[in-house]
Protein chains: 2
Amino acid sequence: MLSKKTKYGLKALSFLATLEDRQPVQIAEIAKHENISQKFLESILLTLRKSGLLGSKKGKGGGYYLIKDPKDILMTDVMRILEGPIALVPCVSLNFYEKCEDCPDEASCSVHKLMLQVRDSALTVYRHNTLADLIK
Amino acid sequence: MLSKKTKYGLKALSFLATLEDRQPVQIAEIAKHENISQKFLESILLTLRKSGLLGSKKGKGGGYYLIKDPKDILMTDVMRILEGPIALVPCVSLNFYEKCEDCPDEASCSVHKLMLQVRDSALTVYRHNTLADLIK
DNA sequence: TATTATCCTATCGATTTGATAGAGTATGCA
DNA sequence: TGCATACTCTATCAAATCGATAGGATAATA
């Protein structure tokens with residue numbers, strides 16, 4: 001299941017992408033527009049800023065804004081920042097690899113074999129979608 | 001993330017599928033072979049039996065066994081039984097559909113659009129894999 | 001200097017997860 | 001019949017995660 005963090009983050013990014021200019025938008029405005037708890041959204045936007053997708057400005061006239069062009073923001077990056085691993089098990093993760101302690105041999109593991117395919121199919125989707133694609 | 005329930009369930013099914021005959025196999029034997037907590041596995045096998053994938057026999061010489069041929073057991077079914085929805089959000093689920101309360105219009109929702117693609121790509125994988133494919 | 005709006009940490013209740021305990025029930029066999 | 005075996009079922013539990021909230025710190029604007 002997709003976490004609400006990811007869901008809200010995607011919605012916030014999409015909203016910012018629909019705006020013509022790149023002027024800062026207040027958290028309150030985004031939260032209201034997307035029906036999201038403002039305080040919860042605060043922490044999400046902070047994550048997105050720290051990972052380099054958003055810029056921010058404090059004080060009057062401040063808010064959050066996209067740093068890059070929506071067509072240059074890949075879903076692979078967004079998903080990894082918000083949701084974490086794209087793979088369903090750590091032993092098939094490219095960016096968050098971990099060995100299973102109960103599994104003696106990955107090559108002969110049926111779960112590994114299946115989840116490798118699922119990961120690749122998801123990766124294909126995320127690699128072919130930018131933020132610009134989502135708001136078309 | 002894949003739950004351990006699903007992971008263990010898949011491993012148990014795979015183990016049973018590798019056996020030539022369809023004689024009952026004790027929980028203890030499966031648990032030992034796959035390094036799984038026996039009590040936890042008990043509840044998983046019970047689920048698989050109730051959903052029609054496994055048969056069971058009580059008493060001496062009892063245990064669990066596959067009812068169908070491994071090549072007739074689709075991963076779509078196995079995943080839905082063990083893990084639940086294949087979709088990452090309920091609003092794009094075929095078998096567990098639920099409307100998002102915060103989203104006024106699915107057609108214009110960017111999350112919906114992306115998750116629809118992810119669901120379809122995962123479905124394709126699960127539909128093309130049977131239990132027989134996993135143990136090859 | 002006052003106001004505005006992000007930054008950051010800490011906490012909290014609810015839910016889920018993985019695991020365990022133990023009594024009940026059906027089967028096979030002597 | 002009686003006993004051993006192995007699944008059946010319910011109840012419980014600790015730990016982790018999730019979604020959300022509170023409140024003060026910090027920086028920018030006017």
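Worth knowing before you read on, the calculation uses all heavy atoms, side chains too, and leaves out hydrogens, waters and symmetry mates. First the proteins, then the strands, lettered A, B, ... as listed; each starts at 1.
- Between the side chain of A:K39 and the base of D:dG19 there is no donor-acceptor pair of N/O atoms closer than 3.5 Å.
- Between A:I30 atom CD1 and C:dA5 atom P the separation is 13 Å, expressed in whole Å.
- The phosphate of D:dT17 (OP1 or OP2) has no side-chain N or O of A:S3 nearer than 4.0 angstrom.
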_side chain to side chain contact (heavy atoms under 4.5 Å, CB included) between B:S51 and B:R80, worked out_ = CA-CA 10 Å; B:S51 56; B:R80 284 182 178 127; over 6 Å; no
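- Atom CG in A:L45 sits roughly 13 Å away from atom P in C:dC8 (whole-Å rounding).
- Contact annotation: A:S37 does not reach the phosphate of D:dG19 (side-chain N/O to OP1 or OP2, under 4.0 Å).
- Taking only side-chain nitrogens and oxygens, A:Y8 comes nearer than 4.0 Å to OP1 or OP2 of D:dA20.
- Between A:K5 atom NZ and D:dT17 atom C1' there is a gap of 12 Å when expressed in whole angstrom units.
- Summarising the geometry, the separation between CD on B:Q38 and C1' on C:dG18 is reported as 16 Å, rounded to the nearest angstrom.
- Taking every side-chain heavy atom of B:F40 into account, C:dG18 is the closest of D:dT21, C:dG18, D:dT8.
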*Show your reasoning for whether side chain to side chain contact (heavy atoms under 4.5 Å, CB included) applies to B:L94 and B:R119.*
CA-CA 9 Å; B:L94 294 176; B:R119 182 209 65 187; 3.4 Å; yes
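- By the rule that hydrophobic residues join a cluster once side-chain heavy atoms approach within less than 4.5 Å of another member, B:L123 and A:L114 end up as members of one cluster.
- Using a 4.0 Å cut-off, some side-chain N or O of B:S56 falls inside it from OP1 or OP2 of D:dT8.
- Residues A:L41 and A:A31 approach most closely at CD2-N, 3.6 Å, considering heavy atoms.
- Donor-acceptor pairing under 3.5 Å, judged by distance alone, is absent between the side chain of B:Q26 and the base of D:dC7.
- Side-chain nitrogen and oxygen atoms of A:K50 include at least one within less than 4.0 Å of the OP1 or OP2 phosphate oxygen of C:dC8.
- At whole-Å resolution of the value, NZ in B:K4 and C1' in C:dA19 are 10 Å apart.
- Checking the phosphate oxygens (OP1, OP2) of D:dT29, a side-chain nitrogen or oxygen of A:K57 falls inside 4.0 Å.
- At whole-Å resolution of the value, CG in B:L2 and P in C:dT17 are 11 Å apart.
- With no hydrogens or angles considered, a side-chain donor-acceptor pair links A:S3 and A:E83 at under 3.5 Å.
- Atom P of nucleotide D:dT10 and atom CG of B:L46 are separated by 9 Å, given to the nearest angstrom.
- Relative orientation of the A:F15 and A:H33 rings is parallel, given thresholds of 30° and 60° on the angle between their planes.
- One atom, CG of A:N35, and another, P of D:dG19, lie 17 Å apart when rounded to the nearest Å.
- Closest contact between the side chain of A:I27 and the listed nucleotides D:dA20, C:dA19, C:dT6 involves C:dT6.
- Heavy-atom nearest nucleotides on DNA chain D were determined for B:G59 and for A:I36, and the one closer to the 5' end corresponds to B:G59.
- The side chain of A:K58 sits closest to C:dT6 out of C:dA26, D:dC9, C:dT6.
- A residue-by-residue look at A:K60 and A:S43 shows that A:K60 has its nearest nucleotide of DNA chain C further toward the 5' end.
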